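Just so we're clear, the structure is a prediction, and the values are computed from it rather than from any experiment. Quick note: numbers below take in every heavy atom, side chains included, and nothing from hydrogens, waters or symmetry partners.
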Amino acid sequence: MPTKPSHATESLTTKVYNALRRDILACAIIPGQELSEGVLAARFKMSKTPVREALGKLRSEGLIKTYPRRGYQVASVTFRDLNELFEMRSLLEGRAAELANEKITPEKLDHLESLAHVVYDRAEKPSIMRFVQANRRFHEAIALASGNQRLHATVVQVLDELERFFHLGAQLRDVGLETSASHRKIVQALRKGDAVLARRNVIEEIEATQHGLILALTKQSSSLMELKPAFVA
């Protein structure tokens, strides 16, 4: 029978997995970047075994690809992925806004309002991270307020898959003010109890984000590779 990994190995694997996953989603490790077990083991000051196991977990999530004789590479992002995921957002989050309109409390609306005011500095990665997370929490909160647990879970899944796009968009162009304005319009519609307007405002924001991302990525020549990685892996 195969031996089970030790708790120490599991802990090291989790440490590497969490760090790499965070860096991949934040595009600190850029799409298409090659990864080396040896370099990563040296970076984390550990053996290759937990690194290999962490990379296997990331591969199962579709964030990393493996190639014979080449090793590991961070999965690319494509316009097809972008368009399909944003289409799902419009369908799911538009309906979530309609349902939330009937159930959301004044306290939760105040919380949404606070999230709507978050902007960022493109020159500071921690600032971008805070902005992206605030944007996520805003949309997740609306989905949660819908009262439909499966709808909320599906919205979270789609936002997970889009997180690299959100980071890329925030790095390539300043979307802070337009996002803040769109979020305030959504909150105002919900405060009025206007389900139709809330749905329309949510969909308009999603479509504007999609359009802006496509333009920003298209204008860049080899745009993803022009972003500087945080480290060579």
Look at the side chain of Asn101 and the backbone N and O of Ala97, then say whether any donor-acceptor pair between them is shorter than 3.5 Å. no
Is it true that a side-chain atom of Lys65 and a backbone atom of Gln73 form a donor plus acceptor pair closer than 3.5 Å? no
Can you tell me if Arg122 uses its side chain to pair, donor with acceptor, with the backbone of Leu172 under 3.5 Å? yes
Under 3.5 Å, is there a donor on one side chain and an acceptor on the other for Tyr72 and Glu37? yes
Can you see which heavy atom on Ser182 is nearest to which on Glu205, and at what distance? CB-CG, 3.4 Å
Any chance you could measure Cys27, atom SG, to Phe166, atom CZ, to the nearest 0.5 Å? 12.0 Å
Distance-only polar pair, side chains of Glu93 and His139, donor-acceptor under 3.5 Å: yes
Within the side chain of Asn135, is there an N or O that forms a donor-acceptor pair under 3.5 Å with the backbone of Phe131? no
Indicate whether the side chain of Arg184 and that of Ser180 have a donor and an acceptor atom separated by less than 3.5 Å. yes
At their closest point, which heavy atom of Thr179 faces which heavy atom of Val175, and how far apart are they? OG1-O, 2.7 Å
Atom OG of Ser76 and atom CD of Gln33: how far apart are they, to the nearest 0.5 Å? 12.0 Å
Arg80 CZ: over 12 foreign heavy atoms closer than 6.0 Å: no
So which heavy atom on Ile206 is nearest to which on Ser90, and how close? CG2-OG, 3.5 Å
Atom of Val39, atom of Ser36 and distance for their closest heavy-atom approach: N-OG, 3.2 Å
Taking every non-hydrogen atom, the tightest pair across Asp160 and Leu25: O-CD2, 4.2 Å
same_hphob_cluster(Leu151, Phe138) at 4.5 Å side-chain heavy-atom cutoff: yes
Donor-acceptor contacts, no H, no angles, side chain residues 185-196, under 3.5 Å, sequence neighbours left out:
{"from": "Arg191", "atom 1": "NH2", "to": "Asp110", "atom 2": "OD1", "distance (Å)": "2.8"}
{"from": "Asp194", "atom 1": "OD1", "to": "Val196", "atom 2": "N", "distance (Å)": "3.3"}
{"from": "Asp194", "atom 1": "OD1", "to": "Leu197", "atom 2": "N", "distance (Å)": "3.0"}

